[in-house]
Amino acid sequence: MQPSFSDGDKEFRQTVRAFIADNLPDDLRRRARWDYHPNREDQARWCAILDKQGWSMPHWPREFGGPGWSGIRKYIFEEEMRRAYAPTVDRIGPELVAPVLYTFGSEAMKARFLPGIRSGETFWAQGFSEPGAGSDLASLRTRADRDGDEYLVNGQKTWTTEGHHADWIFLLVRTDQEVKPQQGISALLVDLKSPGITMRPIRTLDEGVTVNEVFFEDVRVPAENLVGEEGAGWTYAKFLLTNERTNSAEVPHTKRDIAQLRDIAAREVKNGRPLMEDPEFRRKLARIEIDTLALEFAVLRVLSNEHDPENANIASLVKVRGSELRQRVAELADEALGDAGLAVLTSKEGEHGPIAEDFDPPVPEHGIGISAKAMFRRATTIYGGANEIQRTLIARTVLGL
Amino acid sequence: MIFELTPEQQAIADSVRRFTEREYDWDSRMRAIRGSEGRDPAHWAVFAELGWLGAGLPEEAGGFGGSAIENAVIAQELGKALVNEPFAVHVAAINLLASSPHAAIAEMIEPVMMGETRIAAAMHEAGARGDFRMIATRFDRNGDGFTISGAKSLVEGAASADLILVPAMGDGGLAVFAIPARANGVALRPYRLLDNSHVCDVTLDEVAVAGDALVAMGDEGELAFARAVDEALIALCAGALGTMEAALWATRDYLLTRTQFRVPLANFQVLQHRMADMLIEVEMTRSLLFHALGAAQAAMADGGIASVDASARAAAVSALKAQTGHAGLHVGREAIQMHGGIGVTEELAISHHYRRLFVINRLLGDEAVHLERFAKAVDGE
């Protein structure tokens with residue numbers, strides 16, 4: 001047993017850190033500091049820089065252009081990216097859609113779609129949830145009817161993350177109305193420029209836009225855009241959602257949020273002393289930091305041996321704990337800001353509408369975006385399968401109840 | 001990063017499990033804890049014979065070449081079976097001896113490992129409420145020797161010990177002494193804790209010892225004490241993890257068999273979700289145990305000399321203890337609640353799991369003490 005980073009891993013971390021320091025443009029870093037959902041241009045620029053180094057798709061196998069890193073190194077890479085406030089490379093294409101394509105897609109499909117994802121040129125959305133099908137995804141009703149060489153798609157998707165930035169959508173549709181719900185589902189790749197698609201942004205409680213409703217009215221999709229086999233969409237969805245769950249512990253992100261929280265607490269004052277010296281605040285912070293360490297080592301256990309079935313059990317736990325922790329950190333950061341934590345100011349550069357030149361922000365520089373984050377984090381325990389679903393899953397698969 | 005046990009470490013785990021299965025079934029446990037000493041002396045002899053008492057000590061220190069990992073492996077298996085032996089105290093004691101620069105003290109390691117000399121470590125003081133950093137016991141120089149006065153509490157195994165290791169403050173800072181348990185001026189008041197461990201309050205009234213009773217003093221004393229506390233805490237928490245696991249799976253089995261309203265309790269989603277939360281707490285504790293073991297390894301690799309590593313170890317160990325205290329109480333309470341009435345009886349192991357976890361939370365600092373120690377260590381205070 002050697003439960004700490006090896007010397008080789010420590011060197012790797014230094015290499016990554018030096019590369020980011022030398023290559024991350026200042027304007028990207030500045031914007032990434034305020035935006036918890038970076039804009040598409042920044043993501044694409046950073047993705048292209050990483051692609052030249054062969055690092056844009058850390059999770060991909062080597063044969064499709066990934067760097068072939070171990071799970072632990074992928075983790076270190078992500079941690080360094082977060083630490084440096086590099087824009088996140090878009091998640092949906094690289095981490096959710098691409099693994100389905102290179103695992104189940106045809107050769108033609110791989111050749112057509114993977115390069116654009118890798119270079120950051122093509123952005124993807126995922127079309128899973130519907131108004132009547134959230135955590136109970138199998139009850140989805142959007143239908144695709146075969147019509148010659150095409151499918152005719154009708155229905156509605158919702159909570160489509162980053163849909164307003166995306167070029168393509170990975171869509172789950174019902175192709176067979178007769179069989180059991182899970183068996184009638186297929187996966188289609190749909191060009192969002194196709195006639196008949198309406199994208200309507202949903203404003204969330206942080207007053208930002210990250211999710212959308214998408215309406216499909218007689219949308220024609222070439223049959224060659226069917227992923228794998230008709231009726232096997234449920235299998236692909238489960239595969240995709242498992243990837244989402246493993247990543248959703250989001251420890252590197254939480255660690256950076258904690259660093260930001262510490263920065264706030266060092267600047268804010270309570271009873272004439274820095275908030276950081278307030279015993280009650282410090283106890284809360286310590287509890288959060290300890291829970292984050294625990295989660296980090298749970299994730300590292302999974303990553304150190306990704307094929308150990310016992311580790312798959314831990315993966316379902318980290319989604320629950322990770323999503324709750326993200327909420328706690330965001331709430332404590334907002335609490336640390338005091339009055340300024342109640343003001344609406346989601347983005348300095350006007351992501352949520354133009355800001356007047358002479359606008360005097362009621363929030364100090366170190367508090368910009370914090371209240372929006374505290375609000376939006378309520379979603380973490382819902383997306384990717386609500387935590388109630390995860391707890392039932394844990395009870396069934398790990399505890400055998 | 002490697003989280004798997006080596007074959008040697010696995011062999012140790014297996015040997016402890018064989019002992020608990022063959023010689024420590026529930027009836028023999030109850031017989032042992034109801035005996036006058038609260039345990040069967042033959043058991044400690046087995047610990048010595050199977051090499052567990054020196055398994056966690058490096059070869060340079062006279063041990064069998066292990067580290068905190070071996071101690072954790074042993075403690076976790078002992079904890080699963082609720083073995084009532086002062087193993088964590090032994091870990092504190094043997095680490096104190098091994099940190100000593102004095103040859104007379106180093107010579108004690110072997111008889112302790114062989115189980116021939118019994119040794120206790122007085123890490124608590126009355127009034128300090130478990131905060132081991134608060135030491136009011138005093139020492140004064142007395143010719144070539146020392147005079148020690150003070151009041152220690154919760155000293156597990158003191159009644160059967162030959163020697164008691166006593167930290168005290170005085171001119172020269174923190175010092176640790178090895179005091180014969182029957183020396184003049186040493187008074188023991190034995191009693192039982194809620195989990196049936198046998199402890200003593202130890203009063204030291206101008207106890208005179210020779211110069212060779214000094215284990216370590218000053219900076220050496222601080223380092224020795226910090227290492228002993230951290231290593232003992234790791235063993236204590238590993239034991240608690242074992243106890244939590246036992247309570248968790250016993251409760252799972254109970255939910256599958258017990259029926260109410262004509263269905264097994266396992267069918268109720270409210271219980272399923274609470275079981276999931278118990279499991280999460282157990283796994284988070286296990287993760288922090290790994291983290292603390294990594295930190296202990298790093299500190300030991302530098303001979304405990306690098307203060308950066310010692311401080312990282314303190315942070316990691318306090319993270320583990322804070323989580324263990326919190327998780328242990330949660331798991332223990334939930335296990336009782338889900339068992340219903342039978343859970344609060346003396347007869348069933350579940351109440352003993354709870355009592356053990358309840359006591360462990362308070363030994364060597366409770367959650368509040370360790371949250372504070374963690375925060376200070378992280379901020380470099």
Side-chain angles (χ1 to χ4, degrees), chain A residues 1-6 9 70-72 75-76 262 266 276-277 279 281-305 308 310-311 313-314 316-321 324-325 387-401, chain B residues 1-6 9 67 69 72-73 248-249 251-252 255-256 264-269 271-295 297-298 315-316 318-320 322-323 326-327 367-368 370-376 378-379:
Chain A
M1 186 190 295
Q2 200 213 345
S4 42
F5 291 109
S6 68
D9 288 341
S70 68
I72 297 286
Y75 178 84
I76 292 172
R262 281 183 158 268
M276 200 58 194
E277 293 174 19
F281 175 82
R282 278 191 72 164
R283 257 197 302 279
K284 283 185 190 169
L285 175 62
R287 190 69 238 186
I288 281 179
E289 289 181 324
I290 289 169
D291 287 345
T292 306
L293 263 179
L295 184 68
E296 179 174 34
F297 266 69
V299 169
L300 291 171
R301 278 161 68 195
V302 178
L303 295 177
S304 73
N305 193 348
D308 184 339
E310 246 179 72
N311 285 340
N313 289 341
I314 309 171
S316 56
L317 311 183
V318 301
K319 197 275 170 179
V320 171
R321 187 45 78 95
E324 290 169 355
L325 204 45
N387 280 14
E388 287 70 24
I389 298 282
Q390 306 297 343
R391 284 190 168 85
T392 301
L393 208 65
I394 293 166
R396 195 172 302 155
T397 59
V398 189
L399 292 164
L401 289 173
Chain B
M1 290 190 128
I2 304 163
F3 292 91
E4 286 78 27
L5 296 178
T6 63
Q9 288 160 350
S67 70
I69 296 171
V73 164
L248 172 77
W249 294 108
T251 306
R252 192 280 304 258
L255 294 186
L256 286 170
L265 288 178
N267 288 21
F268 293 103
Q269 196 177 49
L271 300 183
Q272 292 173 1
H273 285 194
R274 284 165 66 174
M275 284 295 292
D277 283 329
M278 281 166 77
L279 178 73
I280 291 173
E281 290 295 347
V282 170
E283 288 304 329
M284 292 303 132
T285 308
R286 194 192 316 280
S287 295
L288 283 173
L289 174 60
F290 281 122
H291 175 244
L293 289 173
Q297 251 180 349
S318 281
L320 169 63
Q323 165 66 17
H326 166 90
E367 188 185 358
H370 284 283
L371 285 178
E372 191 234 59
R373 184 172 178 252
F374 170 83
K376 281 191 167 154
V378 166
D379 291 347

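Each chain gets a letter, A, B and so on, in the order the sequences are listed, and its residues count up from 1. Just so you know, these numbers come straight off a predicted model, no measurement behind them.
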Please assess A:N305 against B:E4 for the test side chain to side chain contact (heavy atoms under 4.5 Å, CB included), listing each intermediate value before the final yes or no. CA-CA 10 Å; A:N305 193 348; B:E4 286 78 27; 3.5 Å; yes
Stepwise side chain to side chain contact (heavy atoms under 4.5 Å, CB included) test for B:H370 and A:I290: CA-CA 11 Å; B:H370 284 283; A:I290 289 169; over 6 Å; no
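A:R301 has a carboxylate O that lies under 4.0 Å from a charged side-chain N of B:E283, or vice versa, which qualifies the two as a salt bridge.
Checked by atom type and distance alone, the side chain of A:R321 never pairs as donor or acceptor with a backbone atom of B:I280 at under 3.5 Å. Checking side-chain atoms of B:Q297 against main-chain N and O of A:M1 turns up a donor-acceptor pair under 3.5 Å.
Using a 4.5 Å cut-off between heavy atoms, B:F290 touches chain A through backbone and side chain atoms alike. Heavy atoms of A:L401 lying under 4.5 Å from chain B belong to its backbone as well as its side chain. Proximity to chain A is limited to the side chain of B:Q9, based on heavy atoms less than 4.5 angstrom apart. No part of A:E296 comes within reach of chain B, as not one of its non-hydrogen atoms sits under 4.5 angstrom from that chain. Looking at A:V398, both its backbone and its side chain come within 4.5 Å of chain B, counting heavy atoms on both sides. For a residue to count as touching a neighbouring chain, one of its non-hydrogen atoms must lie under 4.5 Å from one of that chain's; by this rule B:L293 touches chain A with backbone and side chain alike.
Side-chain atoms of B:M278 and A:L399, non-hydrogen and from C-beta on, never get closer than 4.5 Å to each other. Under the 4.5 Å side-chain criterion, counting only non-hydrogen atoms from C-beta, A:R287 is in contact with B:E367. Residues B:D379 and A:R262 form a side-chain contact, since some pair of their non-hydrogen atoms from C-beta on lies under 4.5 Å apart.
Atoms CD1 and CD, from B:I69 and A:Q2 in turn, are 8.5 Å apart once rounded to the nearest 0.5 Å. If you take CE on B:M1 and OG on A:S4, they are separated by 6.0 Å, rounding to the nearest 0.5 Å.
Between chain A and the options B:A295, B:A319, B:A266, heavy-atom pairs under 4.5 Å are most frequent for B:A319. Contact count versus chain A (heavy atoms, under 4.5 Å) is highest, among B:H273, B:M284, B:Q272, for B:H273.
In terms of heavy-atom proximity, B:F374 sits nearest to A:L293 at CE1-CD1, 4.0 Å. Across all non-hydrogen atoms, the minimal contact from A:I394 to B:A276 is CG2-CB, 3.9 Å. Nearest heavy-atom pair across A:P3 and B:G294 is CG-N, 3.6 Å.
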